[in-house]
Number of protein chains: 4
Amino acid sequence: MTGERNEKKAAIAATAVRLFTERGFHGTPTSLIAREAGVSNGTLFHYFPTKEELINSTYYEIKSRMAEEIGRGGDAERTNRERMRRLWRSAVLWGVDHPDEYMFVQQFCSSPFVRRLPPEEFLKDAPAVYEALTETLGTTCLKGMPVEVAFSVITSPIDAVVRSLIESGGDLDADRLIAASFEIVWRGLTEE
Amino acid sequence: MTGERNEKKAAIAATAVRLFTERGFHGTPTSLIAREAGVSNGTLFHYFPTKEELINSTYYEIKSRMAEEIGRGGDAERTNRERMRRLWRSAVLWGVDHPDEYMFVQQFCSSPFVRRLPPEEFLKDAPAVYEALTETLGTTCLKGMPVEVAFSVITSPIDAVVRSLIESGGDLDADRLIAASFEIVWRGLTEE
Amino acid sequence: MTGERNEKKAAIAATAVRLFTERGFHGTPTSLIAREAGVSNGTLFHYFPTKEELINSTYYEIKSRMAEEIGRGGDAERTNRERMRRLWRSAVLWGVDHPDEYMFVQQFCSSPFVRRLPPEEFLKDAPAVYEALTETLGTTCLKGMPVEVAFSVITSPIDAVVRSLIESGGDLDADRLIAASFEIVWRGLTEE
Amino acid sequence: MTGERNEKKAAIAATAVRLFTERGFHGTPTSLIAREAGVSNGTLFHYFPTKEELINSTYYEIKSRMAEEIGRGGDAERTNRERMRRLWRSAVLWGVDHPDEYMFVQQFCSSPFVRRLPPEEFLKDAPAVYEALTETLGTTCLKGMPVEVAFSVITSPIDAVVRSLIESGGDLDADRLIAASFEIVWRGLTEE
DNA sequence: AATGAATGAGTGTTCATTCAT
DNA sequence: AATGAATGAACACTCATTCAT
């Protein structure tokens, strides 16, 4: 009744993350989630009034964890370039290390019924990224664009890299691909 | 057996494109497709033995059209840079002009049950893109990487730009965003 | 494919009448109706898109039968009084002979979700009643009231009589109660 | 253990009356009743071990109030006819003024699972009605019938009148309809 | 080839009721 | 007495797929 309060809720959420990730939204009945979480069907709906709400919760849960883990330790670097480089690398590696969760987030973002959601607040969760980015943007040809737009444009190759690495199953030289992709974007942004 | 052969099949496919695009895979029952295509439920399954096969067909249909329309007229430009620039612009504008179909393709690619499909063959459908790209790649830091990988890394900002434009609802300066995003990548690739 | 066309639909409807009558709307799951009708669950919804529509159909089915059976042979009598007397008697006896169906109709009429239905068209189904009634009304203190209103006011004791007889389980003198109730209303209507 | 004893029980009962009245038995979950009554789910079942018992209580509650309000002031009139007339009028007006509660009582009486209840004791709650009635009955053609039977037969037009008035939404001349319906029954009972 | 009636497993969700605290 | 988390059997309804005609 004190510390472990949301034990069952947490179990449901964790199981949902795993199953959605393995089988997609539509491939995962709520009844399966409940069973694998060790609770009754009704309990799931006690905590998440709708399957949709469960999906949303799951999404935010993963995204927060992702942002937090990627940003962690990013302040240590000296130059702005080094900070960005490190974040770039962390982001790719997180995706490669958590392929299911990574694809789940992508799946969620491309899902038709999600487009009505409030705009992404990814940057709010990752202050290190935000700062490194704004410091960089001012001098580039993206000057004046909304930060989120610039952010998504600049970081989009990360997604391509992650997917390539996941799909290649280890045949690609990850370090070189990460470095090369970063170089392209960084030079494109900063070179005269 | 020759002329009107695929009349009904074509009607089904066309209707499927439209409905999947408007409502997503799971929001579109096969019965609805059949009804709107003006054929019986059974006829649909006569031509497409499975809903999944219908989805795949639909996907390839849209993707081919997209590739063809984007690549059209791309050979006219003189320099390689101009060709790439034009393709970049065409790709973004196609996405902006066909938001539903664009998102459908994205949705498809992120769908879990699709990951087993044969690897993307996008480049096969767009020879102009393929040639412009290989000509460029040789001198960059991506030299030696598989073409598809290089391709997806380089073109990924297009996706970000399209999404930003779609979501902004017209408030963004499309021309500037297209130009800037291309500049970044191109300079990143070619600058010393 | 010709005469026996709605065989399954008819089976569903008949079973629904029986079960609703025995167990009430809410006590009768659609799955039970389907099973007892010897069809699949889906077939039920093929013919009646909604449980509510099935209930409505059932109701109209019973009501039509009731009206038809009550009105049958009513034209034979000579005087208006005799026609009314006979109808009165037939109505009561129908209720006593079909207590379940009778109570089902009552249950339906008192059901909260039914009040939105189009106004009763009972009279349309029972032309003999309608004629006998209008002939009588003109000279009474109900002159000028809408026929349906007059009709429901005048015939309401029938319901009370039926219920009393059903509940008494045979201890009451049915003939005397029918006759007395009719006398009251008839005298009330026609006496100076 | 004395003063505030039934505070919560009373709150539950009152809320149940309101909600059943507004939404019907089946449209009202016990959880909603508990929430709106400001008590916990479990408390409801502490006082009313079953939803059915709660429904019964509610019914008796409404019916008592109805009988009490209708009978109030009924003794003031001098003649028996005047007493009956006044009661008739009060009954109709109560129904018109409390359409939800009125329909609730009707719904309850027609509900299949209610037929097992002990016989109506309406008259016990309305001594004024009882007395006026027995005084009248002795001289009529209903002489010798059980009082409840006579009562329900005689008063049944009240129900028809109330329904007509509720459904007409104010388009009917209520006073005339009340008067006419009473006249019919009274004359029918007393005329030679 | 074409139909569309028929199927029945499966889905999200509800809700009366129980019980540990 | 009071709570409210937990239960799990039900339920209305959907839909990909089959098959007799």
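Convention: sequence-line order gives letters A, B, ...; per-chain numbering from 1.
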Task: Audit row: D/Phe45, D/Thr30, side-chain contact (heavy atoms from CB on, under 4.5 Å) steps and yes/no - done: CA-CA 9 Å; D/Phe45 282 89; D/Thr30 54; 3.8 Å; yes
Task: Straight-line distance of B/Asp159 CG to B/Gln106 CD, nearest 0.5 Å - done: 4.5 Å
Open item on the list: Output the rounded distance in Å from CG (B/Leu54) to C1' (F/dC15).
Closed with: 14 Å
Task: Phosphate OP1/OP2 of F/dG8 contacted by A/Ser40 side-chain N/O (<4.0 Å) - done: no
TODO: Please state how far atom CZ in B/Arg23 lies from atom C1' in F/dC15, giving the value in whole angstrom units.
DONE: 13 Å
- [ ] Could you check how far CZ of B/Phe25 sits from P of F/dC15, rounded to whole Å?
- [x] 16 Å
Open item on the list: Can a side-chain donor-acceptor contact be found between C/Asn6 and C/Tyr47 if the only test is distance below 3.5 angstrom?
Closed with: no
- [ ] Please determine if B/Lys9 forms a cation-pi arrangement with B/Phe48, meaning its NZ or CZ atom is less than 6.0 Å from the six-membered ring centre and no more than 45° off the ring axis.
- [x] yes
Task: Integer-rounded Å distance: F/dA16 P and A/His26 NE2 - done: 12 Å
TODO: Find the distance between CG (A/Leu32) and CD (A/Glu36) and round it off to the nearest 0.5 Å.
DONE: 4.5 Å
TODO: Could you check A/Leu44 against D/Asn41 and say which one's nearest nucleotide on DNA chain F is further toward the 5' end?
DONE: D/Asn41
Task: Phosphate-side-chain proximity, C/Lys8 and E/dG4, N/O vs OP1/OP2 below 4.0 Å - done: no
- [ ] May I have the distance from C/Glu7 (atom CD) to F/dA20 (atom P), rounded to whole angstrom?
- [x] 17 Å
Open item on the list: Pairs counted only when both distances fall under 3.5 Å, Watson-Crick or G-U: show me the 5' to 3' dot-bracket for DNA chain E, [ ] for pseudoknotted crossings and | for other-strand partners.
Closed with: .||||||||||||||||||||
Task: Integer-rounded Å distance: F/dT7 P and D/Phe45 CZ - done: 18 Å
Task: C/Phe48 CZ - E/dA6 P separation (whole Å) - done: 12 Å
Open item on the list: If you assign D/Ser31 and B/Gly42 each to the DNA chain E nucleotide with the nearest heavy atom, which residue ends up on the more 5' nucleotide?
Closed with: B/Gly42
- [ ] Would you mind telling me which residue lines up with the more 5' stretch of DNA chain E, D/Lys51 or C/Gly38, judged by nearest nucleotide?
- [x] C/Gly38
Task: Whole-Å distance separating the OH atom of A/Tyr47 from the P atom of E/dT13 - done: 18 Å
Task: Ring-face cation of A/Lys63 near A/Phe108 (centre distance under 6.0 Å, axis angle within 45°) - done: no
Task: Pairwise 5' ranking along DNA chain F for A/His46 and B/Thr30, keeping only the more 5' one - done: A/His46
TODO: Check whether any side-chain heavy atom of D/Phe20 sits under 4.5 Å from a side-chain heavy atom of D/Tyr59, and report yes or no.
DONE: no
Task: Distance test, side-chain N/O of B/Thr43 to OP1/OP2 of E/dA2, below 4.0 Å - done: no
